[in-house]
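Order of listing sets the numbers, starting from 1, for every ligand and every atom in it. In this chain, residues are counted from 1 in sequence order.
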Amino acid sequence: MANVSLRKLNIVLGGKPIIRDLDLCVEPGEFLVLLGPSGCGKSTLLHSIAGLVDSDSGAIEIGGRDMTDADPSERGIGMVFQSYALYPTMTVEDNMSFGLRIAGTPKAEIRRRVDRAAAMLQLDALLRRKPAQLSGGQRQRVAIGRALVREAQVFLFDEPLSNLDAKLRAELRRELKLLHQTLGSTMIYVTHDQVEAMTLASRIVVMHGGEIQQIGTPLDVYERPANRFVAGFLGAPAMAFIDGALDAQGRFSADGFSVVPTVESRPAAQAAVLGVRPEHVEIRAGGDLTGEVTLVEPMGNHQVVWMRCGAAALASLVHDARRFAPGERVAFAIDATRVSLFDPASGNRL
Ligand SMILES: Nc1ncnc2c1ncn2[C@@H]1O[C@H](COP(=O)(O)OP(=O)(O)OP(=O)(O)O)[C@@H](O)[C@H]1O
Ligand SMILES: [Mg+2]
């Protein structure tokens, strides 16, 4: 287990700043997830920790040692890439042990490590096969196994599951979480998939444009997003945003819509954007707001009912078998203790 600490890191590629003044401390044994849209600099950041991309300024520390200019092989890191990058002519076993053989690790030690990784990843029965004889999920397990045999201080994962279908993705995601529970190693995991981030992370780092928007536990980031970008990025269906204003008493009003948010900061008498998550909109008799149903999406174990209420377009999650039809008027209530308020100009949480 090792910490990873990045201080004032700047990376410029092709004359463009990609990572800007980034500070980040990854605790030993943590499962840290870097989450953000395509092009925000996740892979670049991960590659710089691995030593595959040079930083222009700043410092990288791994396991308490300055590694800013260290060779990738000296950093004590195991990396899993999105493309499995297996050698097609080698068996699973040879793919997994290749790095160790190059490094001159004794045969018995290679055997021990490969057997251990194969057992953990359920690859025992596949060791003699070539990559072409494996499914996508099995290939990705081999790629993970190749990183595991290094018995590294820190494991880096760059979207390792994104080439797999949805079911396999969910399965391997759970296996990775179990693997982390077993090994207790420090893991840094890049994804643009919010479900992976929420389910795997001890902390999520939300990135945008080469900068960190927020760092926190999955619940922190989901429940108290630091700004509109984070609020909109996490959650499906996404949080609804309603432009309006707060009066002196703290009541939020928009065209045909009004609610008194019970938020800690108690901002008042200013323009504001109200953020409401679909699970906090409840369609029920006696609700103090009225909406018109525009669309219903059945999801199997629940349904998403979309409504219009004055200027606001809102989704509501319904977990029972009630039927709703477009055009129908329904009463609903918002859980005013769970809403977010943002500054319309800066987008920051009020
Ligand atoms: N070698 C390079 N030269 C110039 N620009 C680069 C280079 N590598 C990456 N970039 C740019 O840096 C930005 C960040 O790229 P990066 O690959 O880190 O994004 P990402 O967050 O991993 O995205 P994705 O989710 O699509 O993998 C992009 O705008 C990309 O075009
Ligand atoms: Mg990437």
Side-chain angles (χ1 to χ4, degrees), residues 4-24 26 31-60 62 67-69 71-72 75 77-86 136 139-140 143-144 146-147 154-166 168-170 172-173 176 186-201 203-216 218 221 225-236 238:
V4 175
S5 154
L6 310 176
R7 272 191 311 275
K8 291 267 160 292
L9 201 67
N10 279 283
I11 300 174
V12 180
L13 294 174
K16 254 181 46 191
I18 304 296
I19 298 295
R20 304 158 194 256
D21 265 345
L22 189 137
D23 287 303
L24 179 63
V26 188
F31 201 128
L32 189 94
V33 174
L34 301 174
L35 175 70
S38 185
C40 74
K42 305 179 296 292
S43 295
T44 304
L45 188 60
L46 206 66
H47 289 163
S48 74
I49 297 171
L52 303 172
V53 166
D54 289 333
S55 50
D56 293 85
S57 64
I60 300 173
I62 301 170
M67 294 282 183
T68 314
D69 299 313
D71 195 68
R75 298 191 181 206
I77 271 175
M79 181 145 177
V80 181
F81 297 91
Q82 176 179 346
S83 60
Y84 320 128
L86 300 176
R139 277 178 220 171
Q140 192 53 287
I144 294 169
R146 187 177 47 185
V154 178
F155 291 102
L156 307 178
F157 296 90
D158 193 356
E159 311 227 21
L161 309 183
S162 56
N163 289 335
L164 307 173
D165 68 47
L168 202 52
R169 235 182 131 122
L172 260 185
R173 189 180 79 211
L176 272 177
T186 309
M187 295 189 172
I188 306 177
Y189 186 102
V190 162
T191 185
H192 59 259
D193 181 324
Q194 47 156 328
V195 177
E196 274 173 32
M198 291 292 293
T199 52
L200 287 170
R203 284 189 305 160
I204 297 178
V205 178
V206 184
M207 287 178 67
H208 183 44
E211 290 175 331
I212 293 178
Q213 303 293 310
Q214 185 170 6
I215 305 180
V221 177
N227 57 41
R228 265 187 78 158
F229 176 81
V230 175
F233 199 74
L234 280 163

The Mg ion (ligand 2): protein N, O or S atoms [distance under 2.8 Å]:
S43 OG

Among protein heavy atoms, which sits nearest to atom 16 (P) of ligand 1, and what does the distance come to when rounded to 0.1 Å?
T44 OG1, 3.5 Å

Would you call V205 and Q213 a side-chain contact if the rule is heavy atoms closer than 4.5 Å?
no

Look only at the side chain of R173 and the backbone of L200, and say whether a donor-acceptor pair between them is shorter than 3.5 Å.
no

Answer yes if a protein heavy atom lies under 4.0 Å from atom 31 (O) of ligand 1, otherwise answer no.
no

Subset of ligand 1 atoms that lie under 4.0 Å from at least one heavy atom of S43
17 (O), 18 (O), 20 (P), 22 (O), 27 (O)

Quick check for you: to the nearest 0.5 Å, what is the distance between L13 atom CG and D56 atom CG?
7.5 Å

For atom 14 (C) of ligand 1, grab the closest protein heavy atom and report residue, atom and distance to one decimal in Å.
G39 O, 3.4 Å

Polar atom proximity, I18 to ligand 1 (N or O, under 3.5 Å):
no

Keeping Q214 on the side-chain end and A226 on the backbone end, is there a donor-acceptor pair under 3.5 Å?
yes

Does atom 4 (C) of ligand 1 have a protein non-hydrogen atom under 4.0 Å from it?
yes

Not counting sequence neighbours, which residues clear salt bridge (Lys or Arg N to Asp or Glu O under 4.0 Å) with R20? List them please.
none

Got the closest protein heavy atom to atom 26 (O) of ligand 1, with its distance?
S38 OG, 2.5 Å

Residues in ring pair (Phe, Tyr, Trp, His ring centres under 6.0 Å) contact with F31, at least two apart in sequence or another chain
H180, Y189

Starting from atom 25 (O) of ligand 1, locate the nearest protein heavy atom and write down its residue, its atom name and how far away it is, to 0.1 Å.
K42 NZ, 2.8 Å

Quick one: does G36 get within less than 4.0 Å of ligand 1, heavy atoms only?
no

Any V154 side-chain heavy atom under 4.5 Å of L156 side chain
yes

Could you tell me the residue and atom name of the protein heavy atom closest to atom 1 (N) of ligand 1, and the distance to it rounded to 0.1 Å?
L13 CD1, 4.3 Å

I'd like to check which ligand 1 atoms, numbered from 1 as shown, lie under 4.0 Å from a non-hydrogen atom of E159.
25 (O)

Those residues that, when tested against R169, pass salt bridge (Lys or Arg N to Asp or Glu O under 4.0 Å) (two or more places apart)
D193, E196

Which ligand 1 atoms, with their elements, are less than 4.0 angstrom from a heavy-atom of K16?
29 (O)

Separation of H192 NE2 from F233 CZ (nearest 0.5 Å)
7.5 Å

Give a yes or no answer on whether the side chain of K42 reaches the backbone of P37 with a donor-acceptor pair at less than 3.5 Å.
yes

Decide yes or no for I204 and I215: does some side-chain heavy atom of the first lie under 4.5 Å from some side-chain heavy atom of the second?
no

With a 3.5 Å distance limit and no angle check, can you tell me whether T68 reaches the backbone of I60 through a side-chain donor-acceptor pair?
yes

